[in-house]
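Computed from a predicted structure; not experimentally measured. Values below: every heavy atom of this structure, side chains too, minus hydrogens, waters and symmetry copies. One-based numbering, in listed order, for ligands and for the atoms of each.
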Amino acid sequence: MLVVKNEEEIEKLRLSNLLVSKTLAELAKHIEPGVTTLKLDRIAEEYIRDHGAQPGFKGYDGFPNTLCTSVNSEVVHGIPSERNLENGDVVSIDCGVILDGYYGDTAYTFSVGQVNEEVRKLLKTTYESLIKGIENAVEGNRVGDIGNAVQTHSENSGFSVVRELVGHGIGRKLHEKPEVPNYGKRGRGVKLKSGFVICIEPMINLGRRNITQDPDGWTIRTRDGKVSAHYELALVVQREKADILSTFEYIEQVLKTKKEELPWQNSRL
Ligand code: MG
Ligand code: MG
């Protein structure tokens with residue numbers, strides 16, 4: 001069922017998604033060569049519980065942790081471990097919470113130390129494709145318009161789109177209708193209405209689009225072993241312009257104090 005959220009529900013979703021945004025910013029302070037993804041997971045869980053919420057992913061379909069931490073060729077659903085992040089890695093961190101009965105869900109791909117130019121271009125393009133997707137999340141458009149915008153921008157930049165995993169509606173459940181693929185044709189799919197709350201989350205690969213799943217039953221990685229990036233924001237579809245519920249602003253404030261230059265700093269979008 002496709003559900004239009006009322007004002008009260010939207011405000012609750014805003015709070016839960018803001019908490020995820022702040023949790024990711026808290027992690028940004030700790031992301032550096034040598035840190036383990038399990039340490040990041042503990043920091044996130046404590047931060048979420050200290051703010052009166054529960055981790056949204058822990059126990060979801062049996063997922064063991066608070067964060068999905070996906071390093072380099074891992075696309076999504078990586079399980080935190082004692083692995084040390086190294087200079088030149090990227091780590092995609094996907095975080096969910098439940099606050100007052102409503103889910104928040106947001107993801108960001110962080111650079112660890114200095115990453116190479118090719119990877120920086122992948123991060124920039126993935127971020128830009130998310131923004132282009134959001135620009136299409138307006139009443140009267142269709143889900144295919146979002147997917148087409150993401151796909152066109154990514155593929156025109158020489159990258160490929162993961163198709164097996166998609167964005168989604170969000171509310172009292174983590175995954176609601178509609179599905180929001182990162183590829184598609186203009187004018188196709190579910191028609192968007194004001195009040196739909198959706199997560200757009202491009203997963204873009206440096207090499208080919210094909211993926212495989214690890215024997216752990218969770219980790220999705222690129223088949224060719226090349227790097228993948230993932231950014232996700234939650235938003236409310238509106239008439240003129242989407243109301244974006246989660247934000248990367250807090251993360252970027254932290255990165256600024258660490259003197260990190262954002263890959264899309266000079267983006268002309
Ligand atoms: Mg997510
Ligand atoms: Mg999601």
Side-chain angles (χ1 to χ4, degrees), residues 2-3 5 13-14 16-28 37 40-41 44-45 47-48 53-71 74-80 90-99 102-110 123 126-127 129-131 133-134 137 143 146-147 150 161-183 190 196-204 211 213 218-221 228-237 242 244-248 250-251:
L2 289 158
V3 184
K5 263 80 176 180
L13 282 159
R14 192 185 308 281
S16 57
N17 280 287
L18 272 181
L19 179 56
V20 182
S21 308
K22 289 177 179 171
T23 305
L24 290 171
E26 187 61 29
L27 298 174
T37 48
L40 298 174
D41 188 74
E45 179 166 0
Y47 189 87
I48 290 165
Q54 287 91 47
F57 298 165
K58 199 170 189 172
Y60 186 90
D61 277 347
F63 188 77
N65 292 82
T66 295
L67 301 177
C68 296
T69 53
S70 309
V71 182
E74 297 168 3
V75 179
V76 286
H77 303 168
I79 299 174
V90 291
V91 57
S92 300
I93 301 188
D94 198 347
C95 181
V97 305
I98 312 168
L99 178 63
Y102 287 82
Y103 276 92
D105 182 14
T106 296
Y108 192 94
T109 301
F110 294 90
L123 302 184
T126 308
Y127 167 84
S129 73
L130 168 58
I131 302 303
I134 292 172
V143 160
I146 296 174
V150 172
V161 175
V162 173
R163 300 190 180 206
E164 292 84 346
L165 298 128
V166 297
H168 50 91
I170 187 168
R172 284 191 172 276
K173 288 200 230 142
L174 177 58
H175 297 123
E176 300 186 353
K177 298 252 184 231
E179 287 196 346
V180 185
N182 296 300
Y183 65 96
V190 169
F196 278 8
V197 181
I198 58 173
C199 292
I200 303 180
E201 49 177 314
M203 287 149 262
I204 308 298
I211 55 168
Q213 189 170 41
W218 283 104
T219 312
I220 302 291
R221 68 172 68 239
S228 186
H230 179 213
Y231 292 90
E232 175 178 24
L233 289 167
L235 57 98
V236 189
V237 173
I244 307 174
L245 298 179
S246 41
T247 175
F248 298 147
Y250 303 112
I251 295 172

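Partners of Lys22 by side-chain hydrogen bond (donor to acceptor under 3.5 Å, both in side chains), not counting sequence neighbours: none found. Partners of Glu45 according to the salt bridge (charged side-chain N to carboxylate O under 4.0 Å, His left out) rule, which considers only residues two or more places apart in sequence or in another chain, are Arg49, Lys58. With sequence neighbours excluded, the residues that form a side-chain contact (heavy atoms from CB on, under 4.5 Å) with Ala44 are Thr23, Leu27, Thr66, Leu67.
Proximity of a side-chain donor or acceptor of His168 to a complementary backbone N or O of Leu174 within less than 3.5 Å is detected. Here the side chain of Ser246 pairs no donor or acceptor atom with the backbone of Ser21 at under 3.5 angstrom.
The side-chain heavy atoms of Val161 and Ile204, taken from C-beta on, include a pair separated by under 4.5 Å.
Within the sub-2.8 Å shell of the Mg ion (ligand 2), the protein contributes these N/O/S atoms: Asp105 OD2, His168 NE2, Glu201 OE2, Glu232 OE2.
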